[in-house]
Amino acid sequence: MNRKMLFRLINDLVMTVLMLIAMAYYITGNRIHEVVGVVVLVLFIFHNFLNRRWYKAIFKGKHNFRRILQIGLNLLFLVAMILMMICGILISSDIFPFIPINNDMIFRQIHVQTAYWGFIIMAVHIGLSWGMIMNSLQRMTGINGTSHIRTIVLRILTVLIVTYGVQSSFEGEMGTKLFIYNPFGWFNDDSTIRFLIDHLSIMGIYIAGTHYALIFIQRQEQKAVQKN
């Protein structure tokens, strides 16, 4: 694995974990929430800098279903992150208290709503690249070839994560939080570990769902090509 790919994976992993910590507002408190948010902002800018060639190539080449989906979701994620961070800076009371805002309720609502949507889109975004991530990890760890036992174990683990994620999603009313304003007011009685496990498992739903949906679409396209 080259250094650039390794930097990308580490940057994305750290950014994902920090975004989850930033969502644990009632556990960390406002000051830590804002500090983590600023670090996420820096990592997000770095992420886009590392992937700047992707923006230059948006209108080049063929645009099949997978590529159109990827472009649409990546742009939605970009918009959600920009809105979340701008509103976060405007309502900041610890790091940017000098910014004068009289009525910040609308900015608070946008900040929270885009955070929840960004959380889901980020998981789908990871799911779109999950095949590439797994291939990179295999090269890094030296695990090559296929293993039926490994495949079965990983699929059972995926089913367990998705099942727990569905349960956590319903308990936390994730669907409701995406459309109705709630100032990070769910799971606020849980420990930090429980919060991270619940949210990582919810991410697992969308990562696994996107990854296996793409595999299904790819196989259908291959069958259509073979018939023709």
Side-chain angles (χ1 to χ4, degrees), residues 1-23 36-89 110-111 113-141 143-144 154 158 161 165 178 199-200 202-222 224-225:
M1 180 186 294
N2 59 51
R3 289 185 177 180
K4 191 172 183 179
M5 179 60 71
L6 183 60
F7 278 135
R8 284 182 179 178
L9 288 177
I10 293 174
N11 184 77
D12 292 353
L13 177 62
V14 174
M15 186 168 64
T16 301
V17 173
L18 289 180
M19 280 190 67
L20 292 178
I21 294 174
M23 291 183 70
V36 171
V38 170
V39 176
V40 171
L41 170 62
V42 174
L43 293 177
F44 183 69
I45 293 172
F46 188 55
H47 170 85
N48 282 277
F49 174 76
L50 290 175
N51 293 281
R52 59 191 181 282
R53 291 182 179 176
W54 181 84
Y55 291 100
K56 295 179 181 177
I58 284 181
F59 299 107
K60 297 180 180 177
K62 295 182 179 179
H63 291 77
N64 54 23
F65 175 77
R66 174 173 180 157
R67 192 172 178 206
I68 293 172
L69 179 65
Q70 186 180 42
I71 291 172
L73 283 169
N74 287 351
L75 293 179
L76 277 175
F77 186 49
L78 177 67
V79 171
M81 291 293 287
I82 290 174
L83 285 174
M84 180 185 69
M85 291 174 177
I86 290 176
C87 291
I89 292 172
I110 295 174
H111 179 67
Q113 296 298 114
T114 51
Y116 284 129
W117 278 105
F119 170 69
I120 298 298
I121 298 172
M122 179 180 67
V124 177
H125 175 77
I126 294 173
L128 287 171
S129 305
W130 191 247
M132 181 195 69
I133 294 172
M134 293 304 293
N135 289 334
S136 298
L137 289 176
Q138 283 183 332
R139 287 195 297 272
M140 185 171 64
T141 57
I143 300 176
N144 298 313
L154 289 176
T158 301
I161 291 173
L178 290 172
H199 283 72
L200 285 172
I202 293 173
M203 287 183 67
I205 300 172
Y206 298 94
I207 293 173
T210 304
H211 176 65
Y212 286 109
L214 287 178
I215 290 176
F216 176 77
I217 292 170
Q218 187 176 10
R219 288 178 178 173
Q220 294 303 311
E221 290 176 345
Q222 289 174 347
V225 171

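Index from 1, following the sequence.
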| message | Working note: H199 + M19, criterion side-chain contact (heavy atoms from CB on, under 4.5 Å); need CA distance, chi angles, decisive distance, verdict. | response | CA-CA 11 Å; H199 283 72; M19 280 190 67; over 6 Å; no
| Does CZ belonging to F65 count more than 12 external heavy atoms closer than 6.0 Å? | no
| request: Grab the two heavy atoms, one from Y212 and one from T158, that are nearest each other, plus how far apart they are. | output: CE1-CG2, 4.3 Å
| said: Going by side-chain contact (heavy atoms from CB on, under 4.5 Å), H125 matches just one of T210, I120, N74. Which one? | reply: N74
| field | Any donor-acceptor N/O pair, T114 side chain to H111 backbone, under 3.5 Å | value | yes
| task | Mind checking the CD1-CD1 spacing from I161 to I207? Nearest 0.5 Å is all I need. | result | 9.0 Å
| request: Starting at CD of Q70, measure out to CG of L75 and round the result to the nearest 0.5 Å. | output: 10.5 Å
| request: Report the C-alpha separation of Y206 and F119 in whole Å, then their side-chain angles, then the decisive distance to 0.1 Å, and conclude whether the side-chain contact (heavy atoms from CB on, under 4.5 Å) test is met. | output: CA-CA 10 Å; Y206 298 94; F119 170 69; 6.0 Å; no
| note | Note: T16 and M203 closest approach over all heavy atoms is CG2-CE, 3.6 Å
| message | Is there a side-chain contact between L214 and W130 in this structure, where contact means two heavy atoms from C-beta onward sitting under 4.5 Å apart? | response | no
| field | Positive for side-chain contact (heavy atoms from CB on, under 4.5 Å) with I86, one of I82, L83, I89 | value | I82
| request: Mark yes or no for whether R52, through its side chain, and F49, through its backbone, hold a donor-acceptor pair below 3.5 Å. | output: yes
| message | For a 4.5 angstrom cut-off between non-hydrogen side-chain atoms, does L78 reach N48? | response | yes
| Can you name the closest pair of heavy atoms from I110 and C87 and give their distance? | CG2-SG, 3.5 Å
| Roughly how far, to the nearest 0.5 Å, is CG of L200 from CD1 of I205? | 12.0 Å
| query | Side-chain contact, heavy-atom cut-off 4.5 Å: I121 with M81? | reply | no
| field | Expected output: side-chain N11 to main-chain F7 donor-acceptor under 3.5 Å | value | no
| request: Supply the atom-to-atom distance D12 CG to N51 CG, rounded to the nearest 0.5 angstrom. | output: 7.0 Å
| task | Determine, step by step, whether L43 and H47 satisfy the side-chain contact (heavy atoms from CB on, under 4.5 Å) criterion, reporting the C-alpha distance in whole Å, the side-chain angles of both residues, the deciding distance to 0.1 Å, and the verdict. | result | CA-CA 6 Å; L43 293 177; H47 170 85; over 6 Å; no
| query | Out of curiosity, M85 CE to I45 CD1, how far, rounded to the nearest 0.5 Å? | reply | 7.5 Å
| remark: d(M134 CE, M132 CE) to nearest 0.5 Å is 12.0 Å
| request: Taking the side chain as every heavy atom from C-beta outward, state whether I126 and M122 have any pair of such atoms under 4.5 Å apart. | output: yes
